[in-house]
Amino acid sequence: MIELIDLHKSFGGNHVLRGVNLKVEKGEGMVVIGGSGSGKSVLIKHIIGTLKPDRGSVFIEGVDIAKLADHELYEVRKRFGMLFQGAALFDSMKVWENVAFALMRHGKLKEKDAKEIAVEKLRMVGLVGVENLMPSELSGGMKKRVGLARAIAHSPEMLLYDEPTTGLDPIMADAINDLIIEMKQRLSVTSVAITHDMHSAYKIADRIAMLYKGEIIEVGTPDAIKNTDNAIVRQFITGSAIGPIKIEGVTV
Amino acid sequence: MSVSVKNRLRKLTLTRKTDTEFMFGFIEFIGRIISKFWYTFMLFTEELGRIILLVCSTMKQIISPPAEFKNTSKQMVEIGIKSMPVVLITAVFTGMVLALQSYTGFKRFNAEFLVGTVVALSVTRELGPVLTGLIVAGRAGASMAAELGTMRVTEQIDALETLATNPVKYLIVPRFIAGVIVLPSLTVVADIIGIVGGYFVTVVLLGANSALYWRRTWDYLEMDDIYNGLIKSCFFGGAIAIISCYKGFYTEGGAEGVGKATTGAVVLSSMTILISDYFLSAWLFK
């Protein structure tokens with residue numbers, strides 16, 4: 001279970017998170033939606049502990065990771081897998097070395113065994129025969145799949161997705177959505193995704209939370225969010241330029 | 001009161017007013033300079049503080065297991081073997097030009113026999129470590145900053161963190177150890193090649209006595225000259241690695257940021273080598 005309580009974070013004078021409260025149950029698929037600059041990426045970085053809050057707590061299975069020392073935090077991170085927006089593959093390594101990175105480093109597996117597992121994980125995300133390629137030889141969609149294979153390689157309990165469908169064509173984006181659903185069902189993981197792609201959010205979420213001006217302003221099932229009375233959420237999910245959300249630097 | 005006196009007084013008043021304005025302007029100007037200087041000083045201390053923290057973190061990660069043998073050996077090849085050709089060319093021509101200039105200069109007061117000594121002392125104490133350091137800063141330092149900078153802006157360093165891997169241990173420690181080991185090794189090669197280059201010009205091209213050249217070289221060259229030169233190069237190797245990794249590790253602002261980090265790494269490494277060289281020499285060669 002992941003629980004964020006009264007999370008605050010500022011960068012200089014920019015108060016990005018202003019008291020975020022969010023609870024993600026074990027095995028649940030939570031999608032956090034919000035506009036650009038609303039603090040979604042900052043939020044997900046707090047969940048995995050790469051950022052520490054100025055105030056508040058981040059509970060992972062009952063442990064407040066904001067209070068952990070670095071070496072304890074690295075142990076907690078072994079329970080996570082994360083898919084980055086741009087896949088963030090290590091471009092000096094082959095595809096299989098990317099996927100097997102955590103296995104060889106923490107699982108202490110031999111190269112041959114780790115490669116076997118990597119090939120199996122790549123097959124799970126629909127990639128066959130790419131293990132010896134370099135990341136620069138892959139398309140955007142293939143990179144995302146390799147990123148997903150790397151995220152699930154060490155059998156994590158929790159998966160985090162940072163804008164999983166951004167930058168992909170609609171068909172590839174839907175294929176990634178299907179993979180996310182499949183991972184959740186097959187691996188029974190708790191997952192948190194951040195996105196502003198509503199089609200993706202409705203498809204992969206058990207519950208959706210809307211982050212606006214550093215606070216969670218609404219949480220609900222996809223159907224509840226679709227039928228919300230909240231004007232801010234309504235404007236966001238319908239993608240209207242007119243409404244209470246003002247575009248920064250633009251007068252409408 | 002006569003009209004002329006009144007005019008004089010008015011002029012004086014006006015002048016005084018202008019003086020006051022000038023004074024305020026001057027004070028404002030001084031204030032701006034102090035404020036700019038203070039801002040630059042604060043930036044400098046902030047950067048210095050971050051470098052010191054990175055050094056402390058690197059030292060802590062060096063002693064904590066597991067050892068990064070594979071990465072370190074990869075970096076040793078990257079910094080050492082790949083820098084070798086340019087180090088060899090620089091060293092041989094530096095030795096040659098040093099011999100040529102010394103020979104023609106010393107000939108004026110019949111001291112050509114000292115050319116071997118001058119070449120050996122200059123190369124081992126000064127030119128070997130410093131030129132090798134500058135070459136490695138330009139080649140390997142730039143490469144380190146660009147690689148880490150690209151990893152930062154493409155979230156690869158964040159990915160390392162999420163894969164429960166300390167990026168300082170995985171990326172910086174191997175480069176630091178490689179720098180500290182490889183630079184003295186390259187310097188030894190540069191010392192030998194520089195002296196051989198000097199020999200070639202003095203003996204083969206200018207016709208000096210070969211036995212005398214070597215005798216004068218060994219008579220005045222002490223092991224401390226070589227050791228102290230190598231101590232300097234150890235320091236330069238560590239400094240290049242830390243500075244270049246620091247610049248790359250804290251890159252911001254996409255492709256432009258990577259470019260700035262790379263330039264900054266080369267400039268700061270080179271300045272550090274040249275400035276610290278004086279203080280290290282003053283300390284080591286008393």
Side-chain angles (χ1 to χ4, degrees), chain A residues 11 41-42 44-52 65 68-93 97-108 111 135-136 143 146-148 150-154 156 158-163, chain B residues 39 42-43 46 53-54 56-61 63-75 77-79 82 143-144 146-175 248-255 258:
Chain A
F11 297 97
S41 294
V42 175
I44 210 165
K45 282 178 180 172
H46 277 88
I47 296 176
I48 201 159
T50 52
L51 284 178
K52 290 213 171 194
I65 64 164
L68 294 182
D70 277 356
H71 66 279
E72 294 169 317
L73 203 51
Y74 282 116
E75 287 305 312
V76 172
R77 284 188 195 142
K78 287 178 185 171
R79 301 165 72 177
F80 280 96
M82 182 162 173
L83 172 62
F84 286 82
Q85 187 177 346
L89 300 180
F90 305 126
D91 44 24
S92 59
M93 296 179 196
E97 289 170 322
N98 264 282
V99 177
F101 184 86
L103 296 171
M104 289 199 287
R105 201 161 172 86
H106 307 304
K108 307 287 178 200
E111 205 172 291
S136 57
K143 280 182 186 168
V146 175
L148 187 54
R150 182 177 69 182
I152 61 169
H154 53 290
M158 289 158 275
L159 274 173
L160 306 178
Y161 302 96
D162 183 359
E163 309 270 8
Chain B
Y39 179 70
M42 293 300 282
L43 280 182
E46 186 190 340
L53 283 177
L54 190 64
C56 294
S57 177
T58 306
M59 296 304 154
K60 188 181 160 198
Q61 292 303 325
I63 54 172
S64 66
E68 298 281 346
F69 289 122
K70 196 178 163 191
N71 272 345
T72 307
S73 54
K74 189 181 162 195
Q75 289 306 320
V77 170
E78 201 63 40
I79 301 171
K82 292 188 180 173
S143 157
M144 282 183 216
E147 188 180 355
L148 266 62
T150 308
M151 287 186 78
R152 171 62 75 193
V153 299
T154 55
E155 292 186 306
Q156 291 177 53
I157 293 179
D158 292 329
L160 276 176
E161 291 260 17
T162 62
L163 290 164
T165 300
N166 188 320
V168 172
K169 183 163 189 64
Y170 186 75
L171 297 172
I172 300 180
V173 166
R175 285 165 174 80
F249 201 73
Y250 291 104
T251 298
E252 284 175 351
V258 175

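So you know, we letter chains A, B, ... as the sequences are listed, proteins then strands, and number each from 1.
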Look at the side chain of A:Arg77 and the backbone N and O of B:Thr162, then say whether any donor-acceptor pair between them is shorter than 3.5 Å.
-> no

Select, from A:Arg105, A:Glu75, A:Met82, the one with the greatest count of heavy-atom pairs under 4.5 Å involving chain B.
-> A:Arg105

Which region of B:Thr154, side chain (C-beta onward) or backbone (N, CA, C, O), has a non-hydrogen atom less than 4.5 Å from a non-hydrogen atom of chain A, or is it both or neither?
-> backbone

A:Leu51 backbone acceptor or donor facing A:Lys45 side chain under 3.5 Å | no

Look at atom CZ of A:Phe11 and say whether more than 12 heavy atoms of other residues, nucleotides or ligands are closer to it than 6.0 Å.
-> yes

Under 4.5 Å heavy-atom distance to chain B, tell me which part of A:Leu89 shows up: side chain, backbone, both or neither.
-> backbone

Under 4.5 Å to a heavy atom of chain B? For A:Phe101 that would be side chain

Counting only heavy atoms closer than 4.5 Å, note whether B:Ser64 contacts chain A via side chain, backbone, both or neither.
-> neither

Given side chains that start at C-beta, do those of B:Thr165 and A:His106 come closer than 4.5 Å, heavy atoms only?
-> yes

Donor-acceptor pair, A:His154 side chain versus A:Phe80 backbone, under 3.5 Å?
-> yes

Which portion of A:Asp162 sits near chain B, non-hydrogen atoms under 4.5 angstrom = side chain

Check whether B:Leu160 gets within reach of chain A through its side chain, its backbone, both or neither, counting any heavy atom under 4.5 Å.
-> both

A:Gly81, A:Gly147, A:Ala87, A:Ala88: which one forms the most heavy-atom pairs within less than 4.5 Å of chain B?
-> A:Ala88

So how far is it from A:Lys52 NZ to A:Leu73 CG, rounded to the nearest 0.5 Å?
-> 6.0 Å

